[in-house]
Asks: 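Here's a structure for you.
Every chain is numbered from 1 and lettered A, B, ... according to where its sequence line falls, protein lines coming before strand lines.
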Amino acid sequence: MKIASWNVNSIRARLEPALAWVKSANPDVVCLQELKCQEEQFPREAFEALGYNCAVHGQKTYNGVAVLSKHPLEDVTPRLKGDDADEQSRYLEALISGPKGVVRVASIYAPNGNPFPGPKFDYKLAWLERLRAHAADLLRNEEPVVLMGDYNIIPQDKDAHNPKGWLKDALFQPESKDALRRIENLGYTDAFRALHPESGHYTFWDYFGSWERDNGIRIDHILLSPQAMDRLNACKIDRHVRGDSEKPSDHVPVWCDLDI
DNA sequence: ATGTCGATACTTTATCGA
């Protein structure tokens, strides 16, 4: 089962390239982030026409996540527990039945956290701690779990073309890296890093000319539970998507293939 | 400090978030 994630930076602004990528990549499951629209504005019919069931957790202007699947979606759960006052749409989970079994998939849009320091950075760390607590709970089911999306965290120096340029940024603070490592220490694996240990692989380039200089960072991650890791066949970054359209997202898709 | 996007609003330009 091919399971992909992509921060599209507005699904309405990105509909044409998104449909083109889905048609060519043909994933079984797609997690989208930064929809920047409410659920009723999501172009559901366009994806249904390609054979996808759509679960959407939208929000006006900001955030918004979705899970699209060619297989049945069950147990669809929006919101990350732990703070009922949190109105930001950054988490959507679903159970998906594949030909060989089930997999639990979450579409994640973690807070950016800039400017650092400040209340937005505090919110980022609190949100990531809520994600860690939930990730720990999920392990008790001993099922394949895929926690994928835009974590807004650069894990290591080798995940940035210019690490020194990020030293004052929320995405590269030690507390941010620690928050990701704490989730991994529960038993989750960064699937891309496990299969590709070398530097130079990025998922985000800003719109300020970074693509032309390959000044990228790797911040979109696929975290796999042990039961999912056992079934991992491949994990890739669809870098070409940045150059495939005239109005690309600042992120490109990442995906894994699981024997499920 | 700056660059560029996308969405929004008491638009047609400024603001915010990234």
Asks: Is the shortest side-chain N to carboxylate O distance from A/E175 to A/K124 below 4.0 Å?
Replies: no
Asks: Where each residue is assigned the nucleotide of DNA chain B containing its nearest heavy atom, which of A/L35 and A/G113 is assigned the position nearer the 5′ end?
Replies: A/L35
Asks: Find out whether the Lys NZ or Arg CZ of A/R218 is both under 6.0 angstrom from the six-membered ring centre of A/Y202 and within 45° of the ring's axis.
Replies: no
Asks: Do A/R132 and A/D178 meet the salt-bridge criterion of a basic N to acidic O distance under 4.0 Å?
Replies: no
Asks: Under 4.0 Å between a Lys/Arg side-chain N and an Asp/Glu carboxylate O for A/D86 and A/R130?
Replies: yes
Asks: Heavy-atom nearest nucleotide on DNA chain B for A/D150 versus A/R14: which residue maps closer to 5'?
Replies: A/R14
Asks: Could you give the start and end, 5' to 3', of the contact zone on DNA chain B for chain A, using atoms under 4.0 Å from its heavy atoms?
Replies: B/dG3 to B/dA18
Asks: A/K158: which residues meet the salt bridge (Lys or Arg N to Asp or Glu O under 4.0 Å) condition with it, sequence neighbours left out?
Replies: none
Asks: What residues in residues 202-216 of chain A put a non-hydrogen atom under 4.0 Å from any atom of DNA chain B?
Replies: A/Y207, A/F208
Asks: Short question: side chain of A/D28, backbone of A/I3 - any donor-acceptor pair under 3.5 Å?
Replies: no
Asks: Does the side chain of A/N215 come under 3.5 Å of the side chain of A/W205 through a donor N or O and an acceptor N or O?
Replies: no
Asks: Taking the C1' atom in each of B/dT11 and B/dG6, what is the distance between them to the nearest angstrom?
Replies: 15 Å
Asks: P atom, B/dA1 versus B/dT12: distance in rounded Å?
Replies: 30 Å
Asks: So how far is it from A/F172 CZ to A/N152 CG, rounded to the nearest 0.5 Å?
Replies: 14.0 Å
Asks: Mind checking the P distance from B/dC5 to B/dC10? Whole angstroms is fine.
Replies: 27 Å
